[in-house]
Amino acid sequence: MIDSHMHLWGAEVAAAPWLAGDRTASIRRPVALDEYAAAAGNCGVDGAVVVTAEQSGAETARLVTACSQEALVRGVVGWADLAGDIDAADLSGLVGIRHSVMSEEPGWLRRPRVRAGIARYARAGLVLELLVSRRDLGDALACAADHPSMVIVIDHLGDPGGADAPWQARVRALAPHANVRMKLSGDAVRPAALDVALDALGPGRLMIGSDWPVSSLRVPLHDELGALTALLDPLSDSEREQVLAGTAIDSYGLAV
């Protein structure tokens, strides 16, 4: 299994506003790879993709340095300013870049400066990973249409909530764009949402991710991954293997 969505962070992220409050007190501290490795040891995890939790060039550089010699880490998805100068960004050691679109104003992905920046990053051959709310799925679709050769990964199934009709329609609209992938990650993955995503995209465009250590606020890593893999029981062995490893390997270009 490739855990395509787990986080490590240093003091900068531990002090971030999104980690404030009593609920997140247990993870409001630096989180290192050895802690994840210990938790993943009996979970069938063969490798992991570390995804930045903070929109910071300094934190991205720290992650790349921390993970560069670690066999368990197959790739790092960092952050770079999509609206900025690509020549000023250090993209070494990254398989992709991630942006929290849901924290921006509506329509941010359609801004001319952002669209021009994404075009520059598309030519760099990196995956574009987007943390979106459902309101942004139409903009993600437009981005996918503009850059058909750029793999676009949408985190947490694009905020399905109760998998209502508007979300379903937006996911199905993504289906014709073969460069779009979605992650089964976060706390909103339910059978109804998975059924829609499987029907629209197929197992070859879905990948599993734990969202650890955020998921540890709910259950231990073993239980989180167990619940996610149990949702895949109706699939064939080859389809399960796609979701559990193949899609991540293909999408990020990971070493097998």
Over all atoms of both residues, closest heavy-atom pair of Ser210 and Met6:
OG-CB, 4.0 Å
State whether Arg172 and Asp199 are salt-bridged, where the test is any N-O pair (Lys NZ or Arg NE/NH1/NH2 against Asp/Glu carboxylate O) under 4.0 Å.
yes
Could you go through Tyr36 and Val31, starting from their C-alpha distance and side-chain angles, then the distance that decides it, and tell me whether this counts as side chain to side chain contact (heavy atoms under 4.5 Å, CB included)?
CA-CA 8 Å; Tyr36 173 80; Val31 178; over 6 Å; no
Give a yes or no on whether the backbone of Ala255 and the side-chain of Arg74 come within a donor-acceptor separation of less than 3.5 Å.
yes
Atom pair CG/CG of Leu244 and Asp3 - distance to nearest 0.5 Å:
10.5 Å
To the closest 0.5 Å, what do you measure between OG1 (Thr229) and CD (Glu224)?
10.0 Å
Between Arg120 (side chain) and Ala83 (backbone), is there a donor-acceptor pair under 3.5 Å?
no
Minimum side-chain heavy-atom gap Val77-Leu94 below 4.5 Å
no
Verify the cluster assignment for Ile249 and Ile208: are they in a single hydrophobic cluster under the rule of side-chain heavy atoms below 4.5 Å apart?
no
Contact summary for Cys67 and Val76, nearest pair of heavy atoms
CB-CG2, 4.0 Å
Treating Ile, Leu, Val, Met, Phe, Trp and Tyr as nodes and any side-chain heavy-atom pair under 4.5 angstrom as an edge, say whether Met182 and Leu109 lie in one connected cluster.
yes
Mark yes or no for whether Asp46, through its side chain, and Ile2, through its backbone, hold a donor-acceptor pair below 3.5 Å.
no
Would you name the heavy atoms of Ser4 and Val51 that are closest together and state the gap between them?
O-CG2, 3.8 Å
Greater than 12 external heavy atoms within 6.0 Å of Asp85's CG
yes
Backbone of Ala178 reached by a side-chain donor or acceptor of Arg181 within 3.5 Å
yes
Tell me, with the steps shown, if Trp9 and Trp212 meet ring-ring contact (aromatic ring centres under 6.0 Å, His included).
CA-CA 11 Å; Trp9 56 64; Trp212 185 92; 8.1 Å; no
Checking the side chain of Thr247 only, and the main-chain atoms of Gln242 only, is there a donor and an acceptor separated by less than 3.5 Å?
yes
Any chance the side chains of Ser133 and Asp136 put a donor and an acceptor closer than 3.5 Å?
yes
Val50 and His7, any side-chain heavy atoms less than 4.5 Å apart
no
Is the closest side-chain heavy-atom distance between Val189 and Lys183 below 4.5 Å?
no
Leu194 versus Arg190: any side-chain heavy-atom pair under 4.5 Å?
no
Same apolar cluster (I L V M F W Y, side chains within < 4.5 Å links), Leu201/Leu232
yes
What's the separation between atom CG in Leu91 and atom OG1 in Thr60, rounded to the nearest 0.5 Å?
10.0 Å
Keeping Gln168 on the side-chain end and Ala163 on the backbone end, is there a donor-acceptor pair under 3.5 Å?
yes
Measuring from atom OG of Ser215 to atom CG of Asp223, what distance do you get when rounded to the nearest 0.5 angstrom?
10.0 Å
Say whether Ile118 and Val101 are linked into one hydrophobic cluster, either directly or through other cluster members, by side-chain heavy-atom distances under 4.5 angstrom.
yes
State plainly whether the residues Asp233 and Arg240 are in salt-bridge range, i.e. N to O under 4.0 Å.
yes
Evaluate the criterion side chain to side chain contact (heavy atoms under 4.5 Å, CB included) for residue pair Leu217 and Ser26; output intermediate values, then yes/no.
CA-CA 8 Å; Leu217 298 173; Ser26 64; 3.4 Å; yes
Can you measure from CZ (Arg205) to CG (Leu198) and round to the nearest 0.5 angstrom?
12.0 Å
In one Ile/Leu/Val/Met/Phe/Trp/Tyr side-chain cluster, 4.5 Å: Leu235, Leu157:
yes
Between Thr24 and Ile27, is there a donor-acceptor pair closer than 3.5 Å when you use the side chain of the first and the backbone of the second?
no
Close side-chain approach of Glu241 to Ser238, heavy-atom, < 4.5 Å:
no
Could you go through Val132 and Leu137, starting from their C-alpha distance and side-chain angles, then the distance that decides it, and tell me whether this counts as side chain to side chain contact (heavy atoms under 4.5 Å, CB included)?
CA-CA 7 Å; Val132 300; Leu137 287 174; 4.0 Å; yes
Would you say the side chain of Leu231 lies within less than 4.5 Å of the side chain of Pro191, judging by non-hydrogen atoms?
yes
Does Glu54 come within less than 4.0 Å of Arg62, counting only side-chain N to carboxylate O?
no
Can you list the steps and then say if Thr52 with Glu59 is a side chain to side chain contact (heavy atoms under 4.5 Å, CB included)?
CA-CA 8 Å; Thr52 184; Glu59 178 66 10; 4.2 Å; yes
Partners of Asp164 by salt bridge (charged side-chain N to carboxylate O under 4.0 Å, His left out), sequence neighbours excluded?
Arg134
So, Ser185 and Asp211: side-chain donor and acceptor under 3.5 Å apart, yes or no?
no
For a quick test of reading the model, state the closest non-hydrogen atom pair linking Met207 to Ser251 and the distance between them.
CE-OG, 3.8 Å
What pair of heavy atoms forms the shortest contact from Ile86 to Ala124, and how long is it?
CD1-CB, 4.1 Å
Is it the case that over 12 heavy atoms from other parts of the model lie below 6.0 angstrom from the CG atom of Asp22?
no
Using atom types as modelled, flag every donor-acceptor pair under 3.5 Å from a side chain in residues 140-154 to any protein atom, sequence neighbours excluded.
residue : atom : partner : partner atom : Å
Asp146  : OD2  : Arg115  : NE           : 3.4
Asp146  : OD2  : Arg115  : NH2          : 2.7

For residues 92-105, which residue pairs qualify under side chain to side chain donor-acceptor pair (under 3.5 Å), counting only residues two or more places apart or in two chains?
Trp79-His99, Asp90-Ser92, Arg98-Asp155, His99-Glu104, Ser100-Ser103, Glu105-Arg111
Just so I know, are the side chains of Leu128 and Ile97 near enough to count as touching, which here means a heavy-atom distance under 4.5 Å?
yes
Does any donor atom in the side chain of Glu12 or Ser56 lie under 3.5 Å from an acceptor atom in the other side chain?
yes
Heavy atoms, side chains only, cut-off 4.5 Å: are Asp139 and Trp108 in contact?
no
Closest heavy-atom contact between Val243 and Leu184?
CG1-CD1, 3.7 Å
